[in-house]
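Working notes, beginning with the structure itself.
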Amino acid sequence: MPSLPTLANLIDGAAVAPRSGVWLDVHEPATGAVFARCPASDARDVDAAVAAAQRAAPGWAATPAETRARLLHRLADLVERELDALARLESRDSGKPVALAHSLDIPRAVANLRFFASAITQWASEAHAMDGHALNYTLRQPLGVVACISPWNLPLYLFTWKIAPALAAGNAVVAKPSEITPCTAARLGELAVEAGLPPGVLNIVHGQGPQVGQALVEHAGVKAVSFTGSTKTGAAIAAAAAPHFKKLSLELGGKNPAIVFADADLSDANLDTIVRSGFANQGEICLCGSRLLVQRSIYDAFKQRYLARVRALRVGDPEDAASDLGALVSQAHFDKVTGCIAQARAEGGRVLCGGEAVRLDGRCADGWFVAPTVLEGLPNDAVTNQTEIFGPVVSLIPFDGEDEALALANGTGYGLAASLWTSNLERAHRLSARLEFGIVWINCWLLRDLRTPFGGVKNSGLGREGGVEALRFFTEPKNICLRLS
Ligand code: NDP
């Protein structure tokens, strides 16, 4: 058997093995087979990476923004050059269709790098004049060494969403991708060296959360932690970081509602978007609408059209361009999602379509595929409607009027994103103001402008990413007051 590709950490500009000498298996979700090995790093690797970052930080902070931007654009060029290969790698690592990685994940990684490269050259800070008596101005200085910790669902997309603003703002970064999907981050590290990023400016330490993530969060040399992942891990990170007064940005889970009013324009294109909002990336997007609230007067008619579309979704080999859904990311996640479907049945939910694993033939016979599943008959306070499943499972819930829709939508512990489908402009604005979510989409979903604030309320997180919010997070404001008279 040929030896498996073996990933390395990136520390001080060099590819290095983990101090432990231990490696983790990386699985291909579509086949269940191991296809690569990833370092099982520990606190010793984190120490080395933070030390390298500390050495690099002053020089990088003093590098003109134009130069930092040029290097990030060069890195974006290299990612763009490898679009096809990176899309295939992302798909192989995560189970998502190659077509999705090719149209969404990798282009978005390029866009993240370019956006923050440009943004830093356009950024300005404030001045506050005191009627000729004094002048205040604010310096925005990089923090030093920051940690970026990202999850497995949109691997390179979210990894670059964090490291791009951190680097653009002049920080040295120690980043930890999910060890479940480490491959594209590892390749990005190699491309960063090729792009000419100085050694130590970007360090990538692979490994498991409790060993690498926790060590990073607790490390005295790390000034801020930008984390995207589950609410449970977010709470652990907040607890570990609090005694050190570190800056924290936490982008966590969601249980998002899509709210469909009888007056919505339910054109085929809009219905397709509503279906996509539940099932894109196998439902493994924090922004997916897993609770579909539908006004009772159109409930039955809507349900029939919706189900016809969901039933037509093809679950298949991620390499097949005809596949709409690929495999779930891991055996553990497959078990979790199928367990949630069993629980939905146990608490009285009716399965309208899907509801089981999909067994494929050929090379994907041992893959972790689940059929797109639609449930109904569960109250909003059912476990199924309160817990983040993070898979291809949508629960239909009828409502009568606006107040009930609002109460149902707001009736979870999460508050990441809501989408609202209505032709009534007044209602759209009225409800948007009262929805307890960080993001509201009206008659659309996942329409993203990278300048806008991104993040959730309640158990969905703390702080905002995107645009100047990210640049603010990755810098420390210092007010300087000059007396004039
Ligand atoms: P996890 O919280 O399990 O892991 C996220 C990252 O944190 C991984 O790199 C993980 O490493 C690491 N980690 C785990 N434990 C610790 C720890 N104690 N200290 C520091 N780091 C740790 O999330 P998943 O990877 O399962 O991702 C899915 C979750 O991410 C969902 O809840 C989803 O909603 C959320 N998410 C939120 C988004 C948002 O923008 N709000 C966007 C995308 C996803 P390891 O892989 O080794 O466990």
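As the structure is a computational prediction, the values presented were derived from the model and not from experiment. Just so you know, ligand 1 is whichever comes first in the structure, and atom 1 is the first atom listed for that ligand.
For ligand 1, the atoms sitting less than 4.0 Å from at least one non-hydrogen atom of F454 are 40 (O), numbered in the order shown with element in parentheses. Under a 4.0 Å criterion applied to the non-hydrogen atoms of Q208, ligand 1 contributes the atoms 47 (O). The contact set between ligand 1 and G207, taken as ligand atoms under 4.0 Å from a residue heavy atom, comprises 47 (O). If you number the atoms of ligand 1 from 1 as listed, the ones under 4.0 Å from a heavy atom of N153 come out as 43 (C), 44 (C). Those atoms of ligand 1 that come under 4.0 Å of a heavy atom in C286, given as number and element, are 34 (O), 36 (N), 37 (C), 38 (C), 39 (C), 40 (O), 41 (N), 42 (C), 43 (C), 44 (C). Atoms of ligand 1 found under 4.0 Å from any heavy atom of T233 (numbered from 1 in listed order, with element): 1 (P), 2 (O), 3 (O), 13 (N), 14 (C), 15 (N), 16 (C), 17 (C), 22 (C). For ligand 1, the atoms sitting less than 4.0 Å from at least one non-hydrogen atom of G253 are 32 (O), 34 (O), numbered in the order shown with element in parentheses.
Using a 4.0 Å cut-off between heavy atoms, L154 makes no contact with ligand 1 at all. If you look at L158 next to ligand 1, the close heavy atoms, those under 4.0 Å, all belong to the side chain. When heavy-atom distances to ligand 1 are checked against a 4.0 Å cut-off, K232 has no atom that comes that close, whether in backbone or side chain. Contacts with ligand 1 closer than 4.0 Å are made by backbone heavy atoms (N, CA, C, O) of S150 only, the side chain lying farther away. Residue contacts with ligand 1 for T228 involve both N, CA, C or O and side-chain atoms from C-beta outward (heavy atoms, distance under 4.0 Å).
Of the N and O atoms on the side chains of S150 and K162, not one donor lies less than 3.5 Å from an acceptor on the other residue.
Looking from atom 11 (O) of ligand 1 to the surrounding protein, the closest heavy atom is K176 NZ, 3.0 Å. Distance from atom 41 (N) of ligand 1 to its nearest protein heavy atom, with residue and atom name: L252 O, 2.7 Å.
Note that atom 19 (N) of ligand 1 has protein non-hydrogen atoms nearby, at separations under 4.0 angstrom.
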>> Determine whether C288 and F390 satisfy the following criterion, side-chain contact (heavy atoms from CB on, under 4.5 Å), listing intermediate values before the conclusion.
In response: CA-CA 8 Å; C288 276; F390 217 52; over 6 Å; no

TODO: Evaluate salt bridge (charged side-chain N to carboxylate O under 4.0 Å, His left out) for D42 paired with R19, printing each intermediate quantity in order.
DONE: CA-CA 8 Å; D42 60 29; R19 303 288 161 106; over 6 Å; no

